[in-house]
Amino acid sequence: MPGLATTIEAILYLKGQPLDIAKLAELARCDREDIEEGLIDLMNDYAHRDGALEIIETVDGYCLQLKERYRFLVDLLIPIDLGVGSLRTLAAIALKGPISQTDLVDLRGSGVYQHIPELVAQGFVRKRRQAEGRSSLVQVTDKFYQHFEIDALPQLRPKGSTTAADTDADDGDEPEVEPDIEEAS
């Protein structure tokens, strides 16, 4: 593996999060074209290995991660240490997020103030200040999707919205919120 590919591998390993080409170029102190070439070499090398790791491209950039077939080891060797309240808060953030911390407190109660730092520390939630207002926005991270093996969350429709399927089976018991289930390709 050429030197730049090895440098990119080290950067991805040490950062532990997806990085775009511009950030990789900055950290490796080289230009974008060299990074692209180094990534191709690195991804090619990993594709031909019989190892547990892979380099993939996500919407946030490139990352070094455990191959899908070894994900069961994460739960076995590194179980998450979250209580029921924190898991429920995490579910609310996943379904409603990004959501302001104030709205989350209204939804889940004041226990959110203890849950969010715990979820941030474990890497399942990202918290960022809003440009306007005092409340922070919280949303799930890539680690959430990877750990719980979720490709995408269903879109929620507010009560009263209908689809063709809803009008065919009108039983009068309309749920408050319905998931909009789409097949992931």
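Bear in mind that the values here come from a model prediction, so they are computed numbers and not experimental data.
Side-chain contact between Ile116 and Lys127: present, with at least one pair of heavy atoms (C-beta onward) separated by less than 4.5 Å. Contact of the Gln65 side chain with the Leu53 side chain is not registered, since no non-hydrogen atoms from C-beta on lie closer than 4.5 Å. The shortest distance between side-chain heavy atoms of Cys63 and Leu19 does not fall below 4.5 Å. Side chains of Asp103 and Asp106 form a contact here, defined as non-hydrogen atoms less than 4.5 Å apart. Side-chain contact between Gln139 and Ile99: absent, with no pair of heavy atoms (C-beta onward) separated by less than 4.5 Å. No side-chain heavy atom of Val140 sits under 4.5 Å from any side-chain heavy atom of Phe124.
Every pair passing salt bridge (Lys or Arg N to Asp or Glu O under 4.0 Å) that includes a residue from residues 18-28 is listed here, sequence neighbours excluded: Lys23-Glu26.
Cluster membership check: Leu64 shares its hydrophobic cluster with Leu73, using side-chain heavy-atom separations under 4.5 Å among Ile, Leu, Val, Met, Phe, Trp and Tyr. No continuous path of hydrophobic side-chain contacts links Leu137 to Val125 [ILVMFWY only; heavy atoms under 4.5 Å]. Cluster annotation: Ile21 and Leu14 are assigned to the same hydrophobic cluster (Ile/Leu/Val/Met/Phe/Trp/Tyr, side-chain heavy-atom contacts under 4.5 Å, transitive). Residues Tyr113 and Ile93 share a hydrophobic cluster, clusters being chains of Ile/Leu/Val/Met/Phe/Trp/Tyr side chains in contact below 4.5 Å. Placement of Ile8 and Ile56 in two distinct hydrophobic clusters is found when ILVMFWY residues are connected by side-chain heavy-atom separations under 4.5 Å, directly or transitively.
We find that Lys143 and Asp60 are not joined by a salt bridge, their nearest charged nitrogen and carboxylate oxygen being 4.0 Å or further apart.
Heavy-atom neighbours of Tyr13 OH from other residues, nucleotides or ligands within 6.0 Å: at or below the threshold of 12.
Residues Glu118 and Ser86 have side chains that bring a donor and an acceptor to within less than 3.5 angstrom of each other. Side-chain contact of Thr89 with Arg108: a donor-acceptor pair under 3.5 Å is present, judged by distance alone.
The OG1 atom of Thr6 sits 11.0 Å away from the CD1 atom of Ile11 when rounded to the nearest 0.5 Å. Rounded to the nearest 0.5 Å, atoms CG (Leu42) and CD1 (Ile55) are 4.0 Å apart.
Of all heavy-atom pairs spanning Leu4 and Ile35, the tightest one is CD2-N, 4.1 Å. Taking both residues in full, the closest heavy atoms of Pro18 and Thr58 are given as CB-OG1, 3.6 Å, listed atom of the first, atom of the second, then distance. Nearest heavy-atom pair, Ala94 versus Phe144, reported as atom, atom and distance to 0.1 Å: CB-CZ, 3.6 Å. Here the closest non-hydrogen pair linking Asp41 and Ala5 is CB-CB, 4.2 Å.
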For this session: Let me see the working for Leu119 and Val138 under side chain to side chain contact (heavy atoms under 4.5 Å, CB included), right down to the final yes or no.
Result: CA-CA 10 Å; Leu119 294 169; Val138 289; over 6 Å; no

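Partners of Arg29 according to the salt bridge (charged side-chain N to carboxylate O under 4.0 Å, His left out) rule, which considers only residues two or more places apart in sequence or in another chain, do not exist here.
Side-chain atoms of Ser135 come within 3.5 Å of backbone atoms of Gln101 as a donor-acceptor pair (strictly under, hydrogens ignored). Between the Lys67 side chain and the Gly51 main chain, a donor and an acceptor come within less than 3.5 Å of each other.
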